[in-house]
Amino acid sequence: EYLQRLAATEPGPWNARVTHLSNSGFFVRLDANGLEGFVDLRDEKEKFKVDQSTATAQSKTRLFRVETPVGVSLAGSDENTPHLPTFRLDPSAGLKTPAGDTAP
């Protein structure tokens, strides 16, 4: 509820950092208040490959790893986990990677 009220006055994007990667996306912590939520990369236009061994999520143009700063906006909450907010990723978020590079 707090994030819904915040989104009404400050729609974002809000500054956050990646805290954990999963097969379908990653978790972020908002810099301003420490609240956490999930970014589902399956909703992105780009296709991301998540590599658990290097703890990275990479597309042809963007790379995410733990502590990567990102911009996010509130998307809602998953009906299966209403206590965990879901966020939309700012299109410019992530480390830029030259096409064809692989994750470090």
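Separation of atoms CH2 (Trp14) and CG (Asp90) is listed at 12.5 Å; rounding is to 0.5 Å. For the atom pair Thr68 OG1 and Phe26 CZ, the distance stands at 8.0 Å (nearest 0.5 Å). The structure places CG of Leu41 at 8.0 Å from CZ of Arg62, a figure rounded to the nearest 0.5 Å. One distance of note links CG of Leu84 with OG1 of Thr86; it measures 7.5 Å at 0.5 Å rounding. Distance CZ/Arg88 to CG/Leu74: 7.0 Å, rounded to 0.5 Å. Here the OG-CD distance, from Ser59 to Glu44, works out to 9.0 Å after rounding to the nearest 0.5 Å.
Between Val70 and Phe64, some side-chain heavy-atom pair lies under the 4.5 Å cut-off. Under the 4.5 Å side-chain criterion, counting only non-hydrogen atoms from C-beta, Leu3 is in contact with Pro85. Residues Arg42 and Lys47 are not in side-chain contact: their nearest non-hydrogen atoms beyond the backbone lie 4.5 Å or more apart.
Looking at every heavy atom in both residues, Val28 comes nearest to Val18 through CG1-CA, 4.2 Å. Shortest non-hydrogen contact noted between Ala55 and Leu21 is O-CD1, 3.4 Å. When every heavy atom of Pro11 is checked against every heavy atom of Ser73, the shortest pair comes out as O-OG, 3.5 Å.
Applying the salt bridge (charged side-chain N to carboxylate O under 4.0 Å, His left out) definition to pairs two or more places apart or across chains, none involves residues 4-13.
Not a single ring-ring contact (aromatic ring centres under 6.0 Å, His included) links Phe87 to another residue, sequence neighbours left out. Applying the side-chain hydrogen bond (donor to acceptor under 3.5 Å, both in side chains) test to Ser53 and every residue at least two apart in sequence or in another chain returns Asp51. Residues that satisfy the side-chain hydrogen bond (donor to acceptor under 3.5 Å, both in side chains) test with Asn15, not counting sequence neighbours, are absent from this structure. A search for side-chain contact (heavy atoms from CB on, under 4.5 Å) contacts involving Gln52 returns Asn23, Val50, not counting sequence neighbours. Judged as a ring-ring contact (aromatic ring centres under 6.0 Å, His included), and not counting sequence neighbours, the contacts of Phe27 are His20, Phe38.
Using a distance-only test at 3.5 Å, with no hydrogens or angles considered, no donor-acceptor pair links the side chain of Thr56 to the main chain of Gln58.
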Which atom pairs, donor and acceptor, lie under 3.5 Å between side-chain atoms of residues 30-37 and protein residues at least two apart or in another chain?
from, atom 1, to, atom 2, distance (Å)
Asn33, OD1, Leu35, N, 3.1
Glu36, OE2, Arg29, NE, 2.9
Glu36, OE2, Arg29, NH2, 2.5

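Ion pairing between a basic and an acidic side chain is recognised when a charged N comes within 4.0 Å of a carboxylate O; Glu46 and Lys60 show no such pairing.
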